[in-house]
Amino acid sequence: MNLNLSPEEIVRREALAKLRALGIDPFPAEEFITTSNAEEIKANYEEGKQVIVAGRLMNQRIQGKAGFADLFDSTGRIQLYVNQDALCPGEDKSLYQDVVRHLLHYGDFVGVEGTLFTTKLGEISIHVSGLKVLAKSLKPLPMVKTDADGKVHDAFTDPELRYRMRYVDLVVNPKVKDTFVKRTKIVNAMRNFFNDKGYLEVDTPVLQAIPGGASARPFITHHNSLDIPMYLRIANELYLKRLIVGGFDGVYEFSRNFRNEGMDRTHNPEFTVMEIYVAYKDYNWMMNFTEQMLEHVAMEALGKTEVQFGEKTLSFKAPFARVTMTDAIKEYTGFDITGKSEDELRAKCLELGLDAGENLGKGKLIDTLFGEMCEKHYIQPTFITDYPVEMSPLCKRHRENPELTERFELMVNGKELANAYSELNDPIDQRERFEEQASLMERGDDEAMFIDYDFLRSLEYGMPPTSGMGIGVDRLVMMMTNNESIQEVLFFPQMRPEKKQEGPDVASFEAKGIEAHWIDAIVSMGFLSLDKLKETKPTALHQNLNQYRKKNKLDVPAAQLEEIMMWFS
RNA sequence: GAUCUCGUAGCUCAGCUGGUAGAGCAAUACACUUUUAAUGUAUGGGCCCUGGGUUCGAAUCCCAGCGGGAUCACCA
């Protein structure tokens, strides 16, 4: 007897045994061939048509010698009507009386054969003439019900349980499934958009010796035979640019990146960024490309360009607004950053009550001004352009102003969604910028970058003018599916590992020759192993065991002290 | 890491200023051959997160811990 089973689980395990006793395999091996599914039945309804479908049994409504149930397959819900005479035309009514009425439970997988009809209440249903158990469910799913007004009762809402047991969440909450279907549609729409333009999808290393292309704390691991530290990538940017050096006109990758930093509702340790690099283009071209791409994605995945996000409606209809960073800061602070020194910028930040420590360089100060004072105002998709050079070590200097770079970020709903450059392809400038980063790092800027010398070498062989763009796939999916947290758009978001509940060490008791009924008693008293048991007094245990025997009316002889003394030896 | 907040039946949740637990659904049994949150009758089911403390008495109050959520910090 397993003490950890709930009464309902015990019932289901007993049903399992009874099915076997009736000669029914609750987990048959052979293929079950279906001819239809819930969606198709409703789309091409034809009275009297013979169908075979399979799915999970939900919400049985048995009434005597007939009953209704809902069958859920991957396409949706179809109602079953089962009556005894149709299911069991012969003398033997056990398939109906035993199996359908008592041995099938909410959540079981069944295959069903029958004819289509419409009930009195107008619902398309299958009149079942054959039924096969395909898999028994041993744990009860949460019972979520929706009433006539569409109101959901007893919803399965606990975020912890939903994320830890996403399989249950998906079964019971249709909206969750919908989010993930949309996620795949969004990704496919992007991929198709790029492929149609002739760009090449590529794979680059996840395991890297230098975690380059961004500044973030990496996950560190170790390669045994090389005996060197390796890092899970924080970005793939430098590898894609190497491929542009190698002669590809356009490359892109959906890159799973890893950052060893805090987790909250917009950050998960692993997340997905789509990066694309196109030769002979600049950031102006990339802005047009990005807005067209997003409009295309919205149309493909959602069928429209207007997206409801909470109270707001976001419009992904191209073109998007474009504002320079200088103008943005001027607009929301009245302060013109043009030509200002580091001290002047710091003074302005302090005046506005912003954190502006001595370790912040000019670029970082401007970033602070923008991040704190402006960013939140850009709800509709807006390109913010021309970032200060210190903030963008991989970006080409602005063609008209060497203090700025040809960079844009796409802000949506007050948050960064995409980031793009006219890529820096001057190897000498790039080397100097990396060296500045190194000195920033020494000053204590923990966001400065490592230097990748092989990347510099590749630039020395010549990289054509190139524009690159990265877009946060998880955040895009959040926006397009109206979800406020990243956990809702990742199947298996990172969670603290579940604490293992220490089960009883039954083997240690059995090894001592303790009888099964006493083991149950000992475990129920909270002694999970023989060692724990030995911490108590044999006489006290003797009393407790016999009390337990009396209370539970055990049909066994009373425990003898001598016997118990043996367990302690 | 800081602050706030939550942890009661398989699920969703009640349980007031302290008196050792309740509902609906699910389960079990019976009735019911077109129901749809099916219905009716009956039954079973709880280390009230863990450990301390206050108290005659703690699910309830206090402290600590564990786990979750929110906000902030961190995170281009």
Side-chain angles (χ1 to χ4, degrees), chain A residues 5-12 14-15 58-70 77 79-87 96 101-102 105-107 117-123 125 127 138-164 168 172 213-217 234-235 259-269 271 273 355 363-364 366-368 370-371 375 384 387-388 390-395 407 409 415-416 418-419 445-449 470 472 484-485 487 495-499 501 524-526:
Chain A
L5 290 182
S6 72
E8 282 188 59
E9 290 176 280
I10 292 166
V11 164
R12 283 167 183 245
E14 284 168 0
M58 312 278 255
N59 194 14
Q60 295 135 284
R61 301 178 291 280
I62 298 241
Q63 20 178 354
K65 295 189 177 60
F68 291 86
D70 297 330
R77 189 189 76 95
Q79 179 168 259
L80 306 180
Y81 173 65
V82 189
N83 76 38
Q84 181 171 263
D85 298 337
L87 188 64
Y96 183 80
R101 287 195 59 176
H102 294 111
H105 292 97
Y106 178 67
F117 76 111
T118 308
T119 65
K120 262 196 237 170
L121 289 160
E123 178 158 356
S125 308
H127 193 138
L138 295 184
K139 277 184 178 294
L141 289 163
M143 191 75 191
V144 181
K145 292 194 165 183
T146 310
D147 66 19
D149 304 328
K151 204 170 163 239
V152 177
H153 297 257
D154 301 335
F156 180 59
T157 54
D158 183 327
E160 182 185 9
L161 294 176
R162 287 184 47 231
Y163 301 154
R164 284 199 198 282
V168 171
V172 138
S215 36
R217 228 185 322 160
I234 56 175
R259 297 189 183 179
N260 203 343
E261 283 159 356
M263 301 158 52
D264 59 33
R265 70 181 206 291
T266 54
H267 295 86
N268 193 67
F271 60 101
V273 173
D355 183 31
K364 209 57 194 144
I366 294 170
D367 186 40
T368 302
F370 179 77
E375 201 171 78
I384 304 297
Y387 283 59
E390 295 88 341
M391 287 170 59
S392 315
L394 300 167
C395 184
R407 171 179 182 179
E409 284 195 355
K415 299 197 180 76
E416 176 200 341
N419 182 23
D445 185 343
D446 53 6
E447 291 173 9
M449 280 183 201
E484 297 267 10
S485 82
Q487 285 83 3
M495 303 284 286
R496 195 182 293 273
E498 240 175 309
K499 243 178 86 174
Q501 255 224 320
S524 75
M525 287 170 202

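Letters A, B, ... are given to chains in the order of the sequence lines, protein chains preceding strands, and every chain is numbered from 1. Side chains included, hydrogens not; waters and symmetry mates left out as well; all remaining heavy atoms used. This structure is a prediction, so every number in the text was calculated from the model and none was measured.
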request  = For B:A73 and B:G53, measure between their C1' atoms and round to the nearest Å.
outcome  = 34 Å
d(A:Lys415 NZ, A:Glu375 CD) to nearest 0.5 Å is 9.0 Å
When both distances are under 3.5 Å in a Watson-Crick or G-U wobble arrangement, the nucleotide paired with B:C32 is none
For B:A38, does either OP1 or OP2 sit under 4.0 Å from a side-chain N or O belonging to A:Asn59?
yes
ask   = Is it the case that A:Arg101 and A:Gln84 place a side-chain donor and acceptor less than 3.5 Å from each other?
value = no
When rounded to whole Å, the CD1 to C1' distance for the pair A:Ile62 and B:A29 reads 14 Å
>> Measuring only the P atom in each nucleotide, how far is B:U41 from B:A23? A whole number of Å is fine.
In response: 14 Å
When rounded to whole Å, the CG to P distance for the pair A:Asp158 and B:U12 reads 6 Å
d(A:Glu123 CD, A:Phe68 CZ) to nearest 0.5 Å is 9.0 Å
By the Watson-Crick or G-U definition, both distances under 3.5 Å, B:U20 is matched with none
Here the distance between atom P of B:A76 and atom OH of A:Tyr387, to the nearest Å, is 14 Å
To the nearest angstrom, the NE2-C1' distance between A:His127 and B:U33 comes to 9 Å
Is the distance from OP1 or OP2 of B:C32 to the nearest side-chain N or O of A:Arg61 less than 4.0 Å? no
Separation of the P atoms in B:G68 and B:C74, to the nearest angstrom
23 Å
Of the listed B:U28, B:U36, B:A76, the closest approach to the A:Thr119 side chain comes from B:U36
Applying the 3.5 Å cut-off to both distances, the Watson-Crick or G-U partner of B:G45 turns out to be none
Looking only at B:U36, B:C30, B:U34, the nucleotide nearest the A:His102 side chain is B:C30
Separation between OG1 (A:Thr266) and CZ (A:Phe271), nearest 0.5 Å, reads 11.0 Å
Does a distance-only test, which skips hydrogens and angles, find a donor-acceptor pair under 3.5 Å between the side chain of A:Gln79 and the base of B:U35? yes
When rounded to whole Å, the NZ to C1' distance for the pair A:Lys139 and B:A26 reads 15 Å
Heavy-atom nearest nucleotide on RNA chain B taken for A:Ser485 and for A:Arg217; more 5' hit belongs to A:Ser485
Q: Take atom P in B:U8 and the same atom in B:A14, then report the distance between them in whole Å.
A: 10 Å
What one should report as the nearest heavy-atom pair of A:Asp367 and A:Met391 is OD1-CE, 3.4 Å
Base, sugar-phosphate or nothing for A:Glu409? Non-hydrogen atoms, less than 4.0 Å. sugar-phosphate
When rounded to whole Å, the CZ to P distance for the pair A:Arg265 and B:G68 reads 18 Å
Atom C1', compared across B:C32 and B:U39: separation rounded to whole Å: 9 Å
Interatomic distance at C1', B:U43 relative to B:U3, whole Å:
48 Å
Considering only heavy side-chain atoms of A:His105, the closest of B:U35, B:A73, B:A27 is B:A27
Rounding to 0.5 Å, atoms NE2 (A:His105) and CG (A:Leu138) come to a distance of 10.5 Å
Testing B:C13, B:U35, B:U34 for proximity to the side chain of A:Thr157, the answer is B:C13
Between CD of A:Glu8 and C1' of B:G45 the distance, given in whole Å, is 9 Å
Atom CZ of A:Arg101 and atom P of B:A29 are separated, to the nearest Å, by 9 Å
Any strand, both distances under 3.5 Å, Watson-Crick or G-U wobble: B:C61 pairs with B:G53
Keeping A:Tyr81 on the side-chain end and A:Thr118 on the backbone end, is there a donor-acceptor pair under 3.5 Å?
no
When rounded to the nearest 0.5 Å, the distance separating CD1 of A:Ile384 from CZ of A:Arg407 is 11.5 Å
Partner of B:U3 under the Watson-Crick or G-U wobble criteria, both distances under 3.5 Å, comes out as B:A70
If pairing means Watson-Crick or G-U wobble with both distances under 3.5 Å, then the partner of B:A9 is none
Mate of B:A76 across any strand shown (Watson-Crick or G-U wobble, both atom pairs under 3.5 Å) is none
Requested in this report: Please state whether the base of B:U33 and the side chain of A:Gln63 form at least one donor-acceptor pair under 3.5 Å?
Outcome: no
Suppose you measure atom P in B:U17 against the same atom in B:C30; what distance do you get, rounded to whole Å? 46 Å
task = Answer yes or no: does a side-chain N or O of A:Lys145 lie under 4.0 Å from OP1 or OP2 of B:C11?
result = no
Whichever of A:Ala66 and A:Asp154 has the more 5' nearest nucleotide on RNA chain B, that residue is A:Asp154
Notebook entry, point to check: What integer number of Å spans the P atoms of B:G7 and B:A59?
Noted result: 15 Å
